[in-house]
Amino acid sequence: MNSLLKSFALLACLTALACDIHAQPVNITPERKRAIDSLALEKVRDLSKYISIIGDKATPLTESNRVIDRTLELFMDGAQMGVSSLNRKGVRYYPVRKYLERLRALNYQKVNIEWYNIQYISDLVQQPDGRFVGVITIYQRFEGTMEDGMRYVDVTKKDITVYVERKQQQIGGRLIGFWDVLLGDIKVTETRRG
Amino acid sequence: MQRFCWILFIGLVALGGVTSCKSKKKIAEQQAAEAKARRISQAKSELQALLNDESRSIEEREQALARIKGQNIDDPEVQALIRQVEQKLAAEKARRAEEERRKAEEERRKAEVAKAMTIQDYFRDIVGSGNTEIANRRIQEALQLFASPDTPVLIVIGTFNGEKDYDRPTTISKYLNYLKDQKKAPHRIINVKRNAAGKIEELELEKQ
(Lines give C-alpha, C1' and ligand atoms only; values in the text may rest on other atoms or scores of the structure.)
Protein backbone atom coordinates (compact mmCIF):
# COMPACT_ATOMS: atom_id res chain seq x y z
CA MET A 1 0.00 0.00 0.00
CA ASN A 2 2.84 2.28 0.97
CA SER A 3 4.67 1.68 -2.32
CA LEU A 4 1.41 2.27 -4.22
CA LEU A 5 1.06 5.66 -2.53
CA LYS A 6 4.70 6.48 -3.35
CA SER A 7 4.15 5.55 -6.98
CA PHE A 8 1.04 7.69 -7.12
CA ALA A 9 2.88 10.65 -5.57
CA LEU A 10 5.73 10.24 -8.07
CA LEU A 11 3.28 10.07 -10.96
CA ALA A 12 1.50 13.19 -9.68
CA CYS A 13 4.83 15.01 -9.45
CA LEU A 14 5.85 13.96 -12.97
CA THR A 15 2.46 15.00 -14.36
CA ALA A 16 2.73 18.39 -12.66
CA LEU A 17 6.25 18.81 -14.08
CA ALA A 18 5.10 17.83 -17.57
CA CYS A 19 2.23 20.34 -17.37
CA ASP A 20 4.69 22.97 -16.23
CA ILE A 21 6.94 22.33 -19.24
CA HIS A 22 4.06 22.94 -21.63
CA ALA A 23 2.47 25.77 -19.67
CA GLN A 24 5.07 28.47 -19.97
CA PRO A 25 3.40 31.84 -20.32
CA VAL A 26 5.94 34.29 -21.67
CA ASN A 27 6.09 37.78 -20.24
CA ILE A 28 6.02 40.18 -23.14
CA THR A 29 6.15 43.93 -23.44
CA PRO A 30 3.41 45.81 -25.34
CA GLU A 31 5.95 46.54 -28.11
CA ARG A 32 6.74 42.86 -28.51
CA LYS A 33 3.03 42.02 -28.46
CA ARG A 34 2.45 44.51 -31.30
CA ALA A 35 5.11 42.73 -33.36
CA ILE A 36 3.32 39.40 -32.78
CA ASP A 37 -0.08 40.93 -33.63
CA SER A 38 1.39 42.29 -36.83
CA LEU A 39 3.00 38.94 -37.70
CA ALA A 40 -0.35 37.13 -37.35
CA LEU A 41 -2.12 39.73 -39.53
CA GLU A 42 0.62 39.30 -42.11
CA LYS A 43 -0.03 35.55 -42.24
CA VAL A 44 -3.70 36.18 -42.95
CA ARG A 45 -2.73 38.60 -45.73
CA ASP A 46 -0.42 35.92 -47.13
CA LEU A 47 -3.31 33.46 -47.04
CA SER A 48 -5.48 35.94 -48.91
CA LYS A 49 -2.90 36.10 -51.70
CA TYR A 50 -2.52 32.31 -51.84
CA ILE A 51 -6.29 31.85 -52.12
CA SER A 52 -6.45 34.32 -54.95
CA ILE A 53 -3.60 32.50 -56.78
CA ILE A 54 -5.22 29.07 -56.33
CA GLY A 55 -8.60 30.40 -57.48
CA ASP A 56 -7.08 32.12 -60.51
CA LYS A 57 -7.73 30.00 -63.61
CA ALA A 58 -4.51 31.34 -65.17
CA THR A 59 -2.35 29.70 -62.49
CA PRO A 60 -0.50 26.65 -63.88
CA LEU A 61 -1.20 23.35 -62.12
CA THR A 62 2.37 22.94 -60.83
CA GLU A 63 2.23 26.40 -59.34
CA SER A 64 -1.16 25.89 -57.73
CA ASN A 65 -0.01 22.57 -56.26
CA ARG A 66 2.98 24.29 -54.72
CA VAL A 67 0.85 27.16 -53.43
CA ILE A 68 -1.63 24.70 -51.91
CA ASP A 69 1.24 23.10 -50.00
CA ARG A 70 2.43 26.49 -48.81
CA THR A 71 -1.09 27.44 -47.80
CA LEU A 72 -1.44 24.28 -45.72
CA GLU A 73 1.70 25.25 -43.82
CA LEU A 74 -0.20 28.26 -42.51
CA PHE A 75 -2.86 26.08 -40.87
CA MET A 76 -3.07 23.83 -37.86
CA ASP A 77 -3.67 20.17 -38.57
CA GLY A 78 -7.36 19.46 -38.94
CA ALA A 79 -8.37 23.08 -39.54
CA GLN A 80 -11.57 23.55 -41.54
CA MET A 81 -12.78 26.21 -43.92
CA GLY A 82 -16.40 27.34 -44.02
CA VAL A 83 -18.02 27.81 -47.43
CA SER A 84 -21.30 29.53 -48.13
CA SER A 85 -23.28 30.41 -51.22
CA LEU A 86 -26.11 32.74 -52.07
CA ASN A 87 -27.75 29.80 -53.82
CA ARG A 88 -28.15 27.62 -50.74
CA LYS A 89 -28.70 27.86 -47.05
CA GLY A 90 -26.19 26.97 -44.40
CA VAL A 91 -22.43 26.78 -44.32
CA ARG A 92 -20.41 23.73 -45.36
CA TYR A 93 -17.09 23.00 -43.73
CA TYR A 94 -14.19 21.34 -45.52
CA PRO A 95 -10.70 20.37 -44.45
CA VAL A 96 -8.43 23.10 -45.81
CA ARG A 97 -6.78 20.97 -48.50
CA LYS A 98 -10.16 19.84 -49.81
CA TYR A 99 -11.42 23.43 -49.78
CA LEU A 100 -8.39 24.59 -51.78
CA GLU A 101 -8.72 21.80 -54.31
CA ARG A 102 -12.42 22.57 -54.74
CA LEU A 103 -11.60 26.23 -55.13
CA ARG A 104 -9.10 25.42 -57.88
CA ALA A 105 -11.64 23.24 -59.66
CA LEU A 106 -14.54 25.72 -59.57
CA ASN A 107 -16.53 25.69 -62.73
CA TYR A 108 -15.94 29.27 -63.83
CA GLN A 109 -13.91 30.61 -66.69
CA LYS A 110 -12.53 33.34 -64.49
CA VAL A 111 -12.34 33.65 -60.72
CA ASN A 112 -11.35 36.71 -58.80
CA ILE A 113 -11.06 36.58 -55.02
CA GLU A 114 -10.19 39.56 -52.91
CA TRP A 115 -9.89 39.88 -49.13
CA TYR A 116 -10.22 43.25 -47.45
CA ASN A 117 -10.86 44.86 -44.06
CA ILE A 118 -8.52 42.38 -42.43
CA GLN A 119 -8.51 43.14 -38.72
CA TYR A 120 -8.66 41.69 -35.24
CA ILE A 121 -12.10 41.29 -33.71
CA SER A 122 -10.65 39.53 -30.73
CA ASP A 123 -7.14 40.44 -29.66
CA LEU A 124 -4.49 37.82 -29.19
CA VAL A 125 -4.73 36.79 -25.54
CA GLN A 126 -2.29 34.53 -23.80
CA GLN A 127 -3.81 31.27 -22.58
CA PRO A 128 -2.71 29.33 -19.49
CA ASP A 129 -0.75 26.98 -21.76
CA GLY A 130 1.32 29.93 -23.01
CA ARG A 131 -0.23 30.11 -26.48
CA PHE A 132 -1.85 33.29 -27.74
CA VAL A 133 -5.27 32.95 -29.29
CA GLY A 134 -7.22 35.61 -31.15
CA VAL A 135 -9.71 36.05 -33.95
CA ILE A 136 -9.14 38.00 -37.16
CA THR A 137 -12.05 38.91 -39.35
CA ILE A 138 -11.91 39.42 -43.09
CA TYR A 139 -14.31 40.26 -45.88
CA GLN A 140 -14.03 38.19 -49.02
CA ARG A 141 -15.37 39.34 -52.35
CA PHE A 142 -15.75 36.39 -54.68
CA GLU A 143 -16.43 36.91 -58.35
CA GLY A 144 -16.84 33.99 -60.73
CA THR A 145 -17.49 34.53 -64.45
CA MET A 146 -19.00 31.79 -66.60
CA GLU A 147 -18.11 31.21 -70.24
CA ASP A 148 -21.35 32.88 -71.29
CA GLY A 149 -20.43 35.96 -69.28
CA MET A 150 -22.80 35.26 -66.40
CA ARG A 151 -21.34 36.44 -63.14
CA TYR A 152 -21.73 35.22 -59.60
CA VAL A 153 -20.60 37.71 -56.95
CA ASP A 154 -20.88 37.45 -53.19
CA VAL A 155 -19.27 38.99 -50.15
CA THR A 156 -18.69 36.85 -47.09
CA LYS A 157 -17.47 37.84 -43.70
CA LYS A 158 -15.16 35.23 -42.23
CA ASP A 159 -13.67 34.80 -38.77
CA ILE A 160 -10.26 33.17 -38.56
CA THR A 161 -9.01 31.81 -35.26
CA VAL A 162 -5.31 32.50 -34.90
CA TYR A 163 -2.91 30.66 -32.62
CA VAL A 164 0.56 31.96 -31.84
CA GLU A 165 3.01 29.78 -30.01
CA ARG A 166 6.57 30.26 -28.84
CA LYS A 167 8.82 27.55 -30.27
CA GLN A 168 12.49 26.79 -30.70
CA GLN A 169 14.45 25.27 -33.54
CA GLN A 170 18.08 24.29 -33.92
CA ILE A 171 19.64 26.17 -36.84
CA GLY A 172 23.34 26.31 -37.68
CA GLY A 173 24.25 24.91 -34.28
CA ARG A 174 22.23 27.43 -32.30
CA LEU A 175 18.76 27.46 -30.85
CA ILE A 176 16.44 29.97 -32.50
CA GLY A 177 13.35 31.10 -30.58
CA PHE A 178 10.48 32.04 -32.85
CA TRP A 179 6.77 32.78 -32.86
CA ASP A 180 4.82 30.21 -34.79
CA VAL A 181 1.57 31.56 -36.18
CA LEU A 182 -0.98 28.92 -37.12
CA LEU A 183 -4.46 29.49 -38.43
CA GLY A 184 -7.37 27.47 -37.14
CA ASP A 185 -10.92 27.10 -38.44
CA ILE A 186 -12.31 29.78 -40.71
CA LYS A 187 -15.97 30.38 -40.02
CA VAL A 188 -18.43 32.14 -42.26
CA THR A 189 -20.45 34.64 -40.27
CA GLU A 190 -22.24 36.52 -43.02
CA THR A 191 -22.94 36.12 -46.75
CA ARG A 192 -24.50 38.73 -48.98
CA ARG A 193 -24.69 39.80 -52.60
CA GLY A 194 -21.65 41.68 -53.84
CA MET B 1 118.25 54.90 17.89
CA GLN B 2 118.24 55.86 14.27
CA ARG B 3 117.28 52.32 13.42
CA PHE B 4 114.41 52.42 15.84
CA CYS B 5 113.12 55.63 14.25
CA TRP B 6 113.11 54.02 10.81
CA ILE B 7 111.10 51.03 12.06
CA LEU B 8 108.55 53.34 13.73
CA PHE B 9 108.25 55.40 10.56
CA ILE B 10 107.66 52.34 8.38
CA GLY B 11 105.10 51.00 10.89
CA LEU B 12 103.19 54.29 10.93
CA VAL B 13 103.12 54.44 7.14
CA ALA B 14 101.83 50.86 6.93
CA LEU B 15 99.14 51.50 9.52
CA GLY B 16 98.06 54.65 7.73
CA GLY B 17 97.74 52.70 4.45
CA VAL B 18 95.47 50.01 5.94
CA THR B 19 93.18 52.60 7.55
CA SER B 20 92.91 54.47 4.26
CA CYS B 21 91.93 51.26 2.33
CA LYS B 22 89.23 50.42 4.83
CA SER B 23 87.60 53.86 4.65
CA LYS B 24 87.71 53.86 0.79
CA LYS B 25 85.84 50.53 0.74
CA LYS B 26 83.26 51.90 3.12
CA ILE B 27 82.75 54.93 0.95
CA ALA B 28 82.40 52.75 -2.11
CA GLU B 29 79.83 50.59 -0.36
CA GLN B 30 77.92 53.62 0.76
CA GLN B 31 78.02 55.03 -2.74
CA ALA B 32 76.76 51.75 -4.16
CA ALA B 33 73.94 51.61 -1.61
CA GLU B 34 72.97 55.16 -2.47
CA ALA B 35 73.03 54.40 -6.16
CA LYS B 36 70.86 51.33 -5.62
CA ALA B 37 68.42 53.38 -3.55
CA ARG B 38 68.31 55.94 -6.32
CA ARG B 39 67.70 53.22 -8.91
CA ILE B 40 64.89 51.74 -6.78
CA SER B 41 63.30 55.11 -6.27
CA GLN B 42 63.65 55.95 -9.96
CA ALA B 43 62.20 52.55 -10.96
CA LYS B 44 59.29 52.94 -8.57
CA SER B 45 58.37 56.35 -9.88
CA GLU B 46 58.68 55.12 -13.49
CA LEU B 47 56.54 52.08 -12.73
CA GLN B 48 53.91 54.25 -11.00
CA ALA B 49 53.94 56.50 -14.04
CA LEU B 50 53.43 53.43 -16.27
CA LEU B 51 50.49 52.35 -14.13
CA ASN B 52 48.83 55.74 -14.60
CA ASP B 53 49.94 56.30 -18.18
CA GLU B 54 47.17 56.21 -20.77
CA SER B 55 48.85 58.45 -23.34
CA ARG B 56 51.63 56.16 -24.59
CA SER B 57 50.94 53.13 -26.71
CA ILE B 58 51.03 49.65 -25.20
CA GLU B 59 54.25 48.93 -27.13
CA GLU B 60 55.99 52.05 -25.81
CA ARG B 61 55.03 51.17 -22.27
CA GLU B 62 56.18 47.59 -22.79
CA GLN B 63 59.61 48.90 -23.90
CA ALA B 64 59.83 51.13 -20.82
CA LEU B 65 58.91 48.19 -18.63
CA ALA B 66 61.53 45.99 -20.32
CA ARG B 67 64.16 48.65 -19.59
CA ILE B 68 63.26 48.66 -15.90
CA LYS B 69 63.15 44.86 -15.76
CA GLY B 70 66.59 44.78 -17.42
CA GLN B 71 68.06 46.53 -14.39
CA ASN B 72 67.28 43.40 -12.33
CA ILE B 73 66.40 45.41 -9.28
CA ASP B 74 66.06 43.11 -6.35
CA ASP B 75 63.41 44.95 -4.41
CA PRO B 76 60.05 43.48 -3.41
CA GLU B 77 58.14 46.72 -4.01
CA VAL B 78 59.66 47.16 -7.46
CA GLN B 79 58.88 43.54 -8.31
CA ALA B 80 55.26 44.00 -7.13
CA LEU B 81 54.92 47.14 -9.26
CA ILE B 82 56.38 45.30 -12.26
CA ARG B 83 53.74 42.59 -11.86
CA GLN B 84 50.98 45.23 -11.65
CA VAL B 85 52.20 46.95 -14.80
CA GLU B 86 52.46 43.59 -16.60
CA GLN B 87 48.89 42.70 -15.59
CA LYS B 88 47.61 46.10 -16.70
CA LEU B 89 49.34 45.85 -20.08
CA ALA B 90 48.10 42.28 -20.57
CA ALA B 91 44.51 43.37 -19.81
CA GLU B 92 44.81 46.30 -22.24
CA LYS B 93 46.22 44.01 -24.93
CA ALA B 94 43.34 41.58 -24.45
CA ARG B 95 40.84 44.44 -24.69
CA ARG B 96 42.49 45.76 -27.83
CA ALA B 97 42.53 42.30 -29.40
CA GLU B 98 38.83 41.86 -28.60
CA GLU B 99 38.04 45.28 -30.08
CA GLU B 100 40.03 44.47 -33.22
CA ARG B 101 38.24 41.12 -33.50
CA ARG B 102 34.86 42.88 -33.16
CA LYS B 103 35.83 45.49 -35.74
CA ALA B 104 37.00 42.81 -38.16
CA GLU B 105 33.77 40.88 -37.63
CA GLU B 106 31.72 44.02 -38.25
CA GLU B 107 33.74 44.75 -41.40
CA ARG B 108 33.21 41.19 -42.58
CA ARG B 109 29.48 41.45 -41.89
CA LYS B 110 29.25 44.75 -43.79
CA ALA B 111 31.17 43.29 -46.71
CA GLU B 112 28.88 40.26 -46.78
CA VAL B 113 25.79 42.45 -46.70
CA ALA B 114 27.25 44.59 -49.50
CA LYS B 115 27.85 41.43 -51.55
CA ALA B 116 24.34 40.36 -50.66
CA MET B 117 23.05 43.36 -52.58
CA THR B 118 22.96 41.07 -55.56
CA ILE B 119 20.60 38.83 -53.61
CA GLN B 120 18.47 41.85 -52.79
CA ASP B 121 18.48 42.62 -56.52
CA TYR B 122 17.21 39.11 -57.19
CA PHE B 123 14.50 39.65 -54.58
CA ARG B 124 13.38 42.80 -56.39
CA ASP B 125 13.51 41.10 -59.78
CA ILE B 126 11.43 38.15 -58.61
CA VAL B 127 8.82 40.44 -57.06
CA GLY B 128 8.66 42.66 -60.10
CA SER B 129 8.86 39.98 -62.79
CA GLY B 130 5.12 40.04 -63.44
CA ASN B 131 5.39 36.63 -65.05
CA THR B 132 5.66 33.19 -63.42
CA GLU B 133 8.12 31.87 -66.01
CA ILE B 134 10.52 34.78 -65.65
CA ALA B 135 10.18 34.73 -61.88
CA ASN B 136 10.99 31.00 -61.80
CA ARG B 137 14.07 31.58 -63.96
CA ARG B 138 15.27 34.30 -61.60
CA ILE B 139 14.62 32.00 -58.65
CA GLN B 140 16.81 29.31 -60.21
CA GLU B 141 19.57 31.86 -60.82
CA ALA B 142 19.33 33.20 -57.29
CA LEU B 143 19.50 29.68 -55.84
CA GLN B 144 22.99 29.32 -57.36
CA LEU B 145 24.22 31.76 -54.71
CA PHE B 146 23.13 29.43 -51.92
CA ALA B 147 24.61 26.24 -50.50
CA SER B 148 21.30 24.47 -51.15
CA PRO B 149 17.60 25.25 -51.77
CA ASP B 150 17.12 24.31 -48.10
CA THR B 151 19.46 27.01 -46.83
CA PRO B 152 17.79 28.41 -43.72
CA VAL B 153 16.29 31.88 -43.83
CA LEU B 154 15.62 33.60 -40.53
CA ILE B 155 13.26 36.55 -40.41
CA VAL B 156 13.58 38.93 -37.46
CA ILE B 157 10.24 40.47 -36.52
CA GLY B 158 11.73 42.67 -33.82
CA THR B 159 14.47 43.00 -31.22
CA PHE B 160 13.37 43.36 -27.63
CA ASN B 161 15.78 43.84 -24.72
CA GLY B 162 18.59 42.74 -26.99
CA GLU B 163 16.80 39.49 -27.87
CA LYS B 164 15.75 38.89 -31.45
CA ASP B 165 12.25 37.59 -32.12
CA TYR B 166 11.88 35.52 -35.29
CA ASP B 167 9.10 34.36 -37.54
CA ARG B 168 9.00 30.60 -38.22
CA PRO B 169 12.31 29.74 -39.96
CA THR B 170 11.96 28.98 -43.64
CA THR B 171 14.22 27.92 -46.50
CA ILE B 172 15.59 30.03 -49.34
CA SER B 173 13.62 28.09 -51.93
CA LYS B 174 10.37 28.70 -50.07
CA TYR B 175 11.29 32.30 -49.41
CA LEU B 176 12.00 33.10 -53.06
CA ASN B 177 8.70 31.53 -54.04
CA TYR B 178 7.04 33.54 -51.27
CA LEU B 179 8.34 36.72 -52.93
CA LYS B 180 6.98 35.54 -56.27
CA ASP B 181 3.56 34.65 -54.81
CA GLN B 182 3.10 37.65 -52.58
CA LYS B 183 4.62 40.10 -55.06
CA LYS B 184 6.21 42.03 -52.25
CA ALA B 185 9.69 42.19 -50.70
CA PRO B 186 9.02 43.22 -47.15
CA HIS B 187 12.43 42.30 -45.73
CA ARG B 188 15.97 43.56 -45.89
CA ILE B 189 19.12 41.48 -45.51
CA ILE B 190 20.91 41.98 -42.20
CA ASN B 191 23.27 39.02 -42.08
CA VAL B 192 24.78 36.53 -44.48
CA LYS B 193 26.80 33.44 -43.58
CA ARG B 194 28.84 31.73 -46.27
CA ASN B 195 30.55 28.38 -46.36
CA ALA B 196 34.14 27.73 -47.46
CA ALA B 197 32.99 27.61 -51.09
CA GLY B 198 31.52 31.11 -50.77
CA LYS B 199 27.93 29.88 -50.98
CA ILE B 200 25.39 31.31 -48.59
CA GLU B 201 24.54 28.84 -45.86
CA GLU B 202 22.33 31.08 -43.74
CA LEU B 203 20.45 34.31 -44.46
CA GLU B 204 19.03 36.61 -41.85
CA LEU B 205 16.38 39.13 -42.83
CA GLU B 206 14.51 41.84 -41.02
CA LYS B 207 11.13 43.41 -41.60
CA GLN B 208 11.66 46.82 -43.17
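Throughout, a chain's letter reflects where its sequence line sits, starting with A, and its residues are numbered from 1.
Around the CD atom of B/Glu133, the shell of radius 6.0 Å holds no more than 12 heavy atoms that belong to other residues, nucleotides or ligands. Summarising the local packing, CZ of A/Arg193 is surrounded by 12 or fewer heavy atoms from other residues, nucleotides or ligands at distances under 6.0 Å. Heavy-atom neighbours of B/Arg108 CZ from other residues, nucleotides or ligands within 6.0 Å: above the threshold of 12. Crowding of B/Arg96 atom CZ: a count of heavy atoms from other residues, nucleotides or ligands under 6.0 Å exceeding 12. More than 12 heavy-atom neighbours from other residues, nucleotides or ligands sit within 6.0 angstrom of CG on B/Asn131. Summarising the local packing, CZ of A/Arg141 is surrounded by more than 12 heavy atoms from other residues, nucleotides or ligands at distances under 6.0 Å. Within a 6.0 Å radius of NZ in B/Lys93, other residues, nucleotides and ligands contribute 12 heavy atoms or fewer. Heavy-atom contacts from other residues, nucleotides or ligands closer than 6.0 Å to CG of A/Asn117 number more than 12.
Separation of atoms CD1 (A/Ile176) and CD (B/Glu204) is listed at 7.0 Å; rounding is to 0.5 Å. Atom-to-atom distance recorded for A/Leu182:CG and B/Arg168:CZ is 5.0 Å, nearest 0.5 angstrom. In this structure, the separation between CD1 on B/Ile157 and CD on A/Glu42 is 11.0 Å, given to the nearest 0.5 Å. Atoms CG and CG, from B/Asp165 and A/Leu39 in turn, are 9.5 Å apart once rounded to the nearest 0.5 Å. Note that CZ of A/Arg70 is 7.0 Å distant from CG of B/Asn177, once rounded to the nearest 0.5 Å. Atom CD1 in A/Ile54 sits 9.0 Å away from atom CG in B/Asp181 (nearest 0.5 Å).
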Under the criterion side chain to side chain contact (heavy atoms under 4.5 Å, CB included), I'd like the reasoning laid out for A/Asp46 against B/Lys184: C-alpha separation, chi angles, the key distance, then a yes or no.
CA-CA 10 Å; A/Asp46 292 349; B/Lys184 62 180 179 186; 3.4 Å; yes

Chi angles and distances behind the side chain to side chain contact (heavy atoms under 4.5 Å, CB included) call for B/Asn161, A/Arg32:
CA-CA 10 Å; B/Asn161 293 327; A/Arg32 199 175 183 188; over 6 Å; no

How far apart are the C-alpha atoms of B/Lys180 and A/Val67, what are their side-chain angles, what is the distance that settles it, and do they pass the side chain to side chain contact (heavy atoms under 4.5 Å, CB included) test?
CA-CA 11 Å; B/Lys180 177 181 72 180; A/Val67 176; over 6 Å; no

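Within the 4.5 angstrom heavy-atom criterion, no atom of A/Arg34 approaches chain B. Heavy-atom distances place the side chain of B/Glu163, and not its backbone, under 4.5 Å from chain A. The contact between A/Lys43 and chain B is made entirely by side chain atoms (from C-beta outward), counting heavy-atom distances below 4.5 Å. With a 4.5 Å cut-off on non-hydrogen atoms, B/Glu202 touches chain A through its side chain but not through its backbone.
Per-residue counts of heavy-atom pairs under 4.5 Å with chain A were compared for B/Ile155, B/Thr159, B/Leu154; the largest is that of B/Leu154. Between chain B and the residues A/Glu31, A/Arg45, A/Gln169, the largest count of heavy-atom pairs under 4.5 Å involves A/Glu31. Note: A/Asp180 leads A/Thr59, A/Asp180, A/Val181, A/Ile36 in heavy-atom pairs under 4.5 Å with chain B. Ranking A/Arg66, A/Lys49, A/Glu63 against chain B, the residue ahead of the rest is A/Arg66, based on heavy-atom pairs under 4.5 Å.
Among all heavy-atom pairs drawn from A/Gly177 and B/Tyr166, the shortest one is O-CD1, 3.4 Å.
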